[in-house]
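Here is the structure we will look at.
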Amino acid sequence: MTNWKSNASKPVMDEGLQYHIRCKQGDVEKYVLLPGDPDRVDMIGEEWTESRKIANYREHRTFSGKIGEVGITACSTGAGGGSTASAFEELAALGGDTFLRVGTTAAIQEHINPGDVIISSGAVRHDGTSQFYVDDRYPASAHYEATAALVEAAERLGYTYHVGVSCSTASWYCGQGRTGFKGYEQSFFKEKVQDLNKAGVLNFEMEAATIFTLAGLYGLRAGSVCTVVANRIRDEFSYGGVEKSIRVANLAVQILAEWDELKKDRQKDYWFPSMAEKDPALNG
């Protein structure tokens, strides 16, 4: 669609299509996986029982389907907080409730190896986006249920994993302590990796802080799992293994769905009838 009109405060296209992700009501399931790379959406969908392409616009490629009997959606965010926030806003508006970031990452602790999996319990907010939603002292924390499900999935799959705080940056180069074009750098670039290492931060990535902050503000659930492709302390880069984080995230969705059903059952067990239900005469 090249010509259409809407209000400017919340642009919505014909049939309720969301502006950035080009999805409408009924396209998005409760459980949503958020890879950065659009190509990973196809990889994620290959593990589902059934999948269908919903939309492919800009950096946002969206599939929905089922894994077992559980409805699931995957939508790519692109790199960084800005495009991630746009996708998150629109996916939440269409019914997304539980969001799991799926991707790759660089470790900044010496003992973490390429091929390991990192599950983020929280994130340092250097993402350049969440600061425009709330005071920067507000924590970017993963939801405890999402984190527990990701850990359970990694355990079942037998993967080596680490749980801890990540650092989400707005820049892959200078924002992660690398030099820019023609060796450009500021003095504080040189200390960033070591300072975060000393603080016990596990890794660099670019989206978790945005996802965690927005989920916290909106009362939604979020988690993050990434495969390590580099170790900045040892200056090693070994790309591969993204299928590990994909498998962990897909399994975690199934685990969360099981837990959600159990919670519904428990709520039924603790249900108490109202006075009107006890005495039909009170209904008039």
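What you are looking at is a predicted structure, and each value in this text was computed from that prediction instead of being measured. Here, residue 1 is the first one in the sequence, and each next residue gets the next number.
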Could you go through residues 223-230 and list every donor-acceptor pair under 3.5 Å that involves a side-chain atom there, pairing it with any protein atom two or more places apart or in another chain?
{"unit_1": "Thr227", "atom_1": "OG1", "unit_2": "Gly241", "atom_2": "O", "d": "2.9"}
{"unit_1": "Thr227", "atom_1": "OG1", "unit_2": "Ser245", "atom_2": "N", "d": "3.2"}
{"unit_1": "Thr227", "atom_1": "OG1", "unit_2": "Ser245", "atom_2": "OG", "d": "3.2"}

* To do: Step through the shown structure and confirm whether more than 12 heavy atoms of other residues, nucleotides or ligands are within 6.0 Å of CD on Glu243.
  => yes
* Taking everything shown except Phe188 itself, do over 12 heavy atoms lie less than 6.0 Å from its CZ? -> yes
* Check against side-chain contact (heavy atoms from CB on, under 4.5 Å), His60 and Arg22 -> CA-CA 9 Å; His60 306 299; Arg22 302 295 168 99; over 6 Å; no
* For Ile233, does its backbone N or O pair with a side-chain atom of Gln194 as donor and acceptor, under 3.5 Å? -> no
* Run the numbers on Tyr161 and Glu155 for side-chain contact (heavy atoms from CB on, under 4.5 Å), then give the verdict. => CA-CA 8 Å; Tyr161 66 92; Glu155 286 277 359; 2.5 Å; yes
* To do: For Ala153 and Ala252, work out which heavy atoms get closest and say how close.
  => CB-N, 3.8 Å
* Asked: Knowing that exactly one of Asp116, Thr105, Thr104 qualifies, which makes a side-chain hydrogen bond (donor to acceptor under 3.5 Å, both in side chains) with Asn203?
  -> Thr105
* Asked: How about Ile21 and Glu89: do any of their side-chain heavy atoms sit closer than 4.5 Å?
  -> no
* Asked: Linking I/L/V/M/F/W/Y whenever their side-chain heavy atoms sit closer than 4.5 Å, directly or via other members, would Val151 and Phe212 fall into one cluster?
  -> no
* **Val253 and Leu33, any side-chain heavy atoms less than 4.5 Å apart** => yes
* **Point-to-point distance, once rounded to the nearest 0.5 Å, from CD of Gln186 to OG1 of Thr179** => 12.5 Å
* Starting from the C-alpha separation in whole Å, work towards a yes-or-no answer on side-chain contact (heavy atoms from CB on, under 4.5 Å) for Tyr31 and Asp97. => CA-CA 6 Å; Tyr31 303 98; Asp97 167 85; 5.7 Å; no
* Asked: Should we say atom CD of Glu50 is surrounded by more than 12 heavy atoms from elsewhere, each under 6.0 Å from it?
  -> yes
* Structure fact -> Rounding to 0.5 Å, atoms CD1 (Ile44) and CD1 (Ile72) come to a distance of 8.0 Å
* Closest approach of Ala249 and Val102, non-hydrogen atoms and distance? -> CB-CG2, 3.5 Å
* Asked: With side chains defined as the heavy atoms from C-beta onward, is the minimum distance between Phe189 and Tyr173 less than 4.5 Å?
  -> no
* Asked: Given side chains that start at C-beta, do those of Lys192 and Phe204 come closer than 4.5 Å, heavy atoms only?
  -> yes
* Asked: Once you round to the nearest 0.5 Å, how far does OG1 of Thr210 lie from CZ of Arg101?
  -> 10.0 Å
* Under 3.5 Å, is there a donor-acceptor pair between the side chain of Arg247 and the main chain of Ala154? -> no
* Does the side-chain contact (heavy atoms from CB on, under 4.5 Å) test come out yes or no for Val32 and Thr98, once each step is laid out? -> CA-CA 6 Å; Val32 182; Thr98 300; over 6 Å; no
* Asked: Are Lys263 and Glu145 ion-paired here, with the side-chain N under 4.0 Å from a carboxylate O?
  -> yes
* To do: Verify, without hydrogens or angle tests, whether Arg221 (side chain) and Gly216 (backbone) share a donor-acceptor contact under 3.5 angstrom.
  => no
* Six-ring centre of Phe63, Lys53 cation under 6.0 angstrom, axis tolerance 45° -> no
* Could you check Ser64 against Thr73 for side chain to side chain donor-acceptor pair (under 3.5 Å), going step by step and ending with a plain yes or no? => CA-CA 4 Å; Ser64 284; Thr73 292; 2.7 Å; yes
* side chain to side chain donor-acceptor pair (under 3.5 Å) between Glu47 and Asn250, worked out -> CA-CA 8 Å; Glu47 296 201 344; Asn250 273 326; 3.2 Å; yes
* **Side-chain donor or acceptor of Glu185 paired with backbone N/O of Arg178 under 3.5 Å** => no
* With distance as the sole test, does Gln131 use its side chain to make a donor-acceptor pair with the main-chain N or O of Thr129 at under 3.5 Å? -> yes
* Asked: With a 4.5 Å heavy-atom cut-off, do Ile108 and Val201 have their side chains touching?
  -> yes
* Treat each ILVMFWY residue as a node, draw an edge where side-chain heavy atoms are under 4.5 Å apart, and state whether Leu157 and Val242 are in one component. => yes
* Please answer whether the main-chain N or O of Ala170 pairs with a side-chain N or O of Asp127 as donor and acceptor at a distance below 3.5 Å. => no
* Evaluate whether atom OH of Tyr218 has more than 12 neighbouring non-hydrogen atoms of other residues, nucleotides or ligands under 6.0 angstrom away. => yes
* Does a side-chain N-to-carboxylate-O contact under 4.0 Å join Arg61 and Asp39? -> no
* Asked: If you look at every heavy atom in Val124 and Ala209, which pair is closest and at what distance?
  -> O-CB, 3.9 Å
* Got a donor-acceptor contact below 3.5 angstrom from the Thr169 side chain to the Ser171 backbone? -> yes
* Asked: Backbone N or O of Gly78 within a donor-acceptor pair of the Ser76 side chain at under 3.5 Å?
  -> no
* Asked: So do Tyr57 and His20 actually touch side chain to side chain, heavy atoms under 4.5 Å?
  -> no
* Asked: Just how far is it from atom CD of Glu207 to atom OG of Ser166, taken to the nearest 0.5 Å?
  -> 11.0 Å
* Keeping the roles fixed (side chain from Thr49, backbone from Gly68), state whether a donor-acceptor pair exists under 3.5 Å. => yes
* Should Asp195 and Lys190 count as an ion pair when the cut-off is N to O under 4.0 Å? -> no
* Structure fact -> Interatomic distance, OG@Ser121 vs CG@Leu202, rounded to 0.5 Å, equals 7.5 Å
* Structure fact -> Thr213 and Ala140 have their tightest heavy-atom pair at OG1-CB, 3.5 Å
* Do Ile54 and Trp48 share a hydrophobic cluster (ILVMFWY, side-chain heavy atoms under 4.5 Å, transitive)? -> no
* Asked: So, does Glu59 use its side chain to make a donor-acceptor pair with the main chain of Pro38 at under 3.5 Å?
  -> no
* Neighbour count above 12 (heavy atom, 6.0 Å) for Lys24 NZ -> no
* Should Val28 and Ile67 be regarded as members of a common hydrophobic cluster, given that ILVMFWY residues are connected when their side-chain heavy atoms come within less than 4.5 Å of each other, either directly or indirectly? -> no
* Gap separating the CD atom of Gln176 from the SG atom of Cys167, nearest 0.5 angstrom -> 7.5 Å
* To do: Sequence neighbours left out, what pairs pass ring pair (Phe, Tyr, Trp, His ring centres under 6.0 Å) with at least one residue falling in residues 85-128?
  => Phe88-Phe99, His111-His162
* Asked: Can Ile211 be reached from Tyr133 by stepping across I, L, V, M, F, W or Y side chains whose heavy atoms are under 4.5 Å apart?
  -> yes
